Protein chains: 2
Amino acid sequence: MARAVMRPFLTDETSLRADAQRNRERILAAAEEVFLERGAGASLEDVAKRAGVGIGTLYRRFATREELLAATYSARFLALAESSRARDADIGPLDGLRAYLEELVRHTSVYRGLAATLGTVMQVGTPGCVATSEEGARLLRRAQEAGVIRPDISFNDLICVAVAISLAIEQDSSPQTRIAHLVGVFIDGMAVH
Amino acid sequence: MARAVMRPFLTDETSLRADAQRNRERILAAAEEVFLERGAGASLEDVAKRAGVGIGTLYRRFATREELLAATYSARFLALAESSRARDADIGPLDGLRAYLEELVRHTSVYRGLAATLGTVMQVGTPGCVATSEEGARLLRRAQEAGVIRPDISFNDLICVAVAISLAIEQDSSPQTRIAHLVGVFIDGMAVH
DNA sequence: TACGATATGGAGGCATCCTCCGTTTGGCAA
DNA sequence: TTGCCAAACGGAGGATGCCTCCATATCGTA
C-alpha cells in the first residue's frame, strides 16, 4: 500500500556524476535480473548486492521500490507506446485499444507481483510511464470520438482492467489465450452497442 | 505471492479442546479489529497481542495470513451467499449477477489490501468461501442457461472482475458510484448481444 | 593540485516473520 | 478423584528485510 510518490524523475541526461551514472545503470541491470527471478517483491538488498553497490546507494537513487520498478520498466513502456503508435494507421480504433491492452497486460505480467502495484508505478512519472499513459489516453479518446467506446469510460478504467487481467494471469497458469479472452470481454463491455 | 494452501478447514464443530476453541475465537475477534484498523497486511504479532495469545498459538491455528483472512471473512461471505439466494426469486438472472458482484466488491473493500489476495483467500475453503463460490457459480450458470451471459465466461472471470474493481476502489477514493459503474461495464462485456 | 560538492557503503536500529521446544492444561480412564 | 498424556500454550530467538545515517572516498572544476 505504498503511497504514490511524485518527484521529478532523473533521466540519463540529468547531470549525474560519472560514477553515479555508472552505478545507476548497474542497479537497473541487477534489478531487472532479480525481479525476473523472484518477482517484484524481491529483496532490494539482493539487488544492491548483485549490482556490486551498497544498499545506501540504491536508496539514494531510487527512494522507493515503485521508483525502481518504474525505472526498470521505462524502456519497455517506451517501446509499448512506440509500437502502439506505429500500428495506428493500419488498425481501427477498437482493435487499436484491444491491441494496446493486450500488450500492456503482457508487459505487466513479466514480473510476478508487479500487477498489484501497476497503478502506483504508472504514477511515478518515468518517460516510459508518461508515454504509455498518454498513448492509452489517446487511443481511448480516439475510440470515443469514433463512437465505438462508451463516453463514460475513463483511463483509470483501462488501468484497472489491465491490473485485473494481470492478476488473473498470475494466479491460474493459463496464459496467452486467457489474456485475449479477458481483454475481449472488457472491450465488449466498454463498447457502444 | 503465497501459494494457495489447500488444507481441511477447521470449523467450530471440529474437536478442538475447549481452551483452543476459546483462543481461536479471541484471535478471530482481534484479527477483525486489527485488519480493519491497519489493512490486510497488518502485523500478525499485533493480532496475537490483542487477542492475549502467544504468536505460536496464532500460527498453529492459522498457518498463513490468507487462512486467517479467510476465516475472518467466513461469516461475511456466508451472509453474502445467503442474501444473494434470498433475492433470487425477485430478480432476473443478469441483475442477480450484478447485485452479487456489487456486494462481493463491497465486502472485499472492507480491509485495505484484501483485494489483491482475494483469489487466494477464496481457495482456502472456509464455509463462507465455499458458499460464496457456489452461489457465484450458480448465478453464472443460471444466467448462461437463460442466454443472457456469454457461455465462454468462467467463474474465475467473475473473481477477476471483483478483484479489479476492488483495486480500483482502493486507489482512487471514489467509492459507491464507481463500483456500480465498473460492475456495469463488466456485466455489459459478459452479456450476450 | 587542491578543494568542496557529490557520492559511497554498510553498520545498525527496527519491524516482522515463523519455528522450536520446555511448560501447562484439559479431558478421559481407572 | 486422581493421574496421565495428548493437545495446546507462549515467547525466545534466528532469519530476513527495510531504511537511515554518517564517516569516508571520489569526481570534476578552478
Side-chain angles (χ1 to χ4, degrees), chain A residues 1-3 5 7-8 10-31 34-35 37-69 71 111-113 116-117 120 124, chain B residues 1-3 5 7-8 10-31 34-35 37-69 71 111-113 117 120:
Chain A
M1 295 305 98
R3 284 270 142 257
V5 177
R7 69 162 206 176
L10 299 178
T11 51
D12 302 7
E13 69 270 4
T14 313
S15 55
L16 273 184
R17 232 171 63 175
D19 50 347
Q21 180 62 33
R22 185 170 13 94
N23 282 336
R24 184 176 188 279
E25 271 148 27
R26 281 193 196 156
I27 292 170
L28 282 177
V34 172
F35 287 150
E37 284 172 19
R38 317 200 220 207
S43 156
L44 296 187
E45 311 210 300
D46 280 358
V47 172
K49 207 166 292 168
R50 182 155 335 182
V53 139
I55 185 66
T57 299
L58 186 150
Y59 272 102
R60 191 169 330 94
R61 210 51 67 205
F62 304 98
T64 65
R65 178 182 298 274
E66 279 73 31
E67 250 180 70
L68 180 54
L69 280 171
Y111 304 149
R112 191 168 28 92
T117 56
T120 314
V124 175
Chain B
M1 293 307 97
R3 285 269 142 257
V5 177
R7 69 163 208 175
L10 299 178
T11 51
D12 301 6
E13 69 270 5
T14 315
S15 54
L16 273 185
R17 231 170 64 175
D19 50 349
Q21 180 62 35
R22 186 174 6 97
N23 282 336
R24 183 176 189 280
E25 271 149 26
R26 280 192 196 157
I27 292 170
L28 282 176
V34 172
F35 287 150
E37 284 172 20
R38 317 200 223 213
S43 157
L44 296 186
E45 311 211 300
D46 279 0
V47 172
K49 206 166 294 169
R50 184 156 331 184
V53 140
I55 185 65
T57 299
L58 186 150
Y59 273 100
R60 190 168 332 93
R61 210 49 67 204
F62 304 98
T64 65
R65 178 181 299 274
E66 279 73 30
E67 249 180 69
L68 180 54
L69 281 171
Y111 304 149
R112 190 167 27 92
T117 56
T120 313

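Hydrogens, waters and symmetry mates play no part in the numbers below; they use all other heavy atoms, side chains included. Fair warning: this is a prediction, and the values are worked out from it, not measured in the lab.
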**Report entry** Length of the line joining B:Ile27:CD1 and D:dA8:P, which is rounded to integer Å
**Finding:** 12 Å

**Report entry** Spacing of CZ belonging to A:Arg24 relative to CG belonging to A:Asp19, to within rounding of 0.5 Å
**Finding:** 14.0 Å

**Report entry** Interface with DNA chain D, restricted to residues 43-55 of chain A and to heavy atoms under 4.0 Å
**Finding:** A:Ser43, A:Leu44, A:Glu45, A:Ile55

Query raised in the report: Rounded to whole angstrom units, what separation is found between the CZ atom of B:Arg22 and the C1' atom of D:dC9?
Result: 11 Å

**Report entry** A:Arg38 atom CZ, over 12 foreign heavy atoms within 6.0 Å
**Finding:** no

Query - Atom pair distance, as rounded to whole Å: CZ in A:Arg17 and P in D:dT26 - result: 10 Å

Query raised in the report: Counting distance only, does the side-chain N/O of A:Thr64 pair as donor-acceptor with the main-chain N or O of A:Glu67 below 3.5 Å?
Result: yes

Query - B:Leu16 CG - C:dG27 P separation (whole Å) - result: 11 Å

Query raised in the report: What integer distance in Å separates A:Glu66:CD from D:dC18:P?
Result: 12 Å

Query raised in the report: Rounding to a whole Å, what distance do you find between B:Leu58:CG and C:dC17:P?
Result: 10 Å

Query raised in the report: Roughly how far, to the nearest 0.5 Å, is CZ of B:Arg61 from CD1 of B:Ile27?
Result: 7.5 Å

Query raised in the report: For B:Ala42, does its backbone N or O pair with a side-chain atom of B:Arg65 as donor and acceptor, under 3.5 Å?
Result: yes

Query - Rounded distance in Å - OH (B:Tyr59) to P (C:dC18) - result: 4 Å

Requested in this report: Establish, with yes or no, whether the OP1 or OP2 oxygen of C:dC17 is under 4.0 angstrom from a side-chain nitrogen or oxygen of B:Arg65.
Outcome: yes

Query raised in the report: When the distance from CZ of A:Arg60 to P of C:dG10 is rounded to whole Å, what number comes out?
Result: 13 Å

**Report entry** A:Leu58 side, atom CG; A:Asp46 side, atom CG - distance, nearest 0.5 Å
**Finding:** 11.0 Å

Report task. Tell me whether the OP1 or OP2 atom of C:dT8 has a side-chain N or O from A:Asn23 closer than 4.0 Å. Result -> yes

Query raised in the report: Is the distance from OP1 or OP2 of C:dT8 to the nearest side-chain N or O of A:Arg61 less than 4.0 Å?
Result: yes

Query raised in the report: In Å and rounded to the nearest 0.5 Å, what is the OH to CG distance from A:Tyr111 to A:Leu69?
Result: 7.5 Å

Report task. Taking only the side-chain nitrogens and oxygens of A:Thr57, find out if one of them lies under 4.0 Å from OP1 or OP2 of C:dG9. Result -> yes

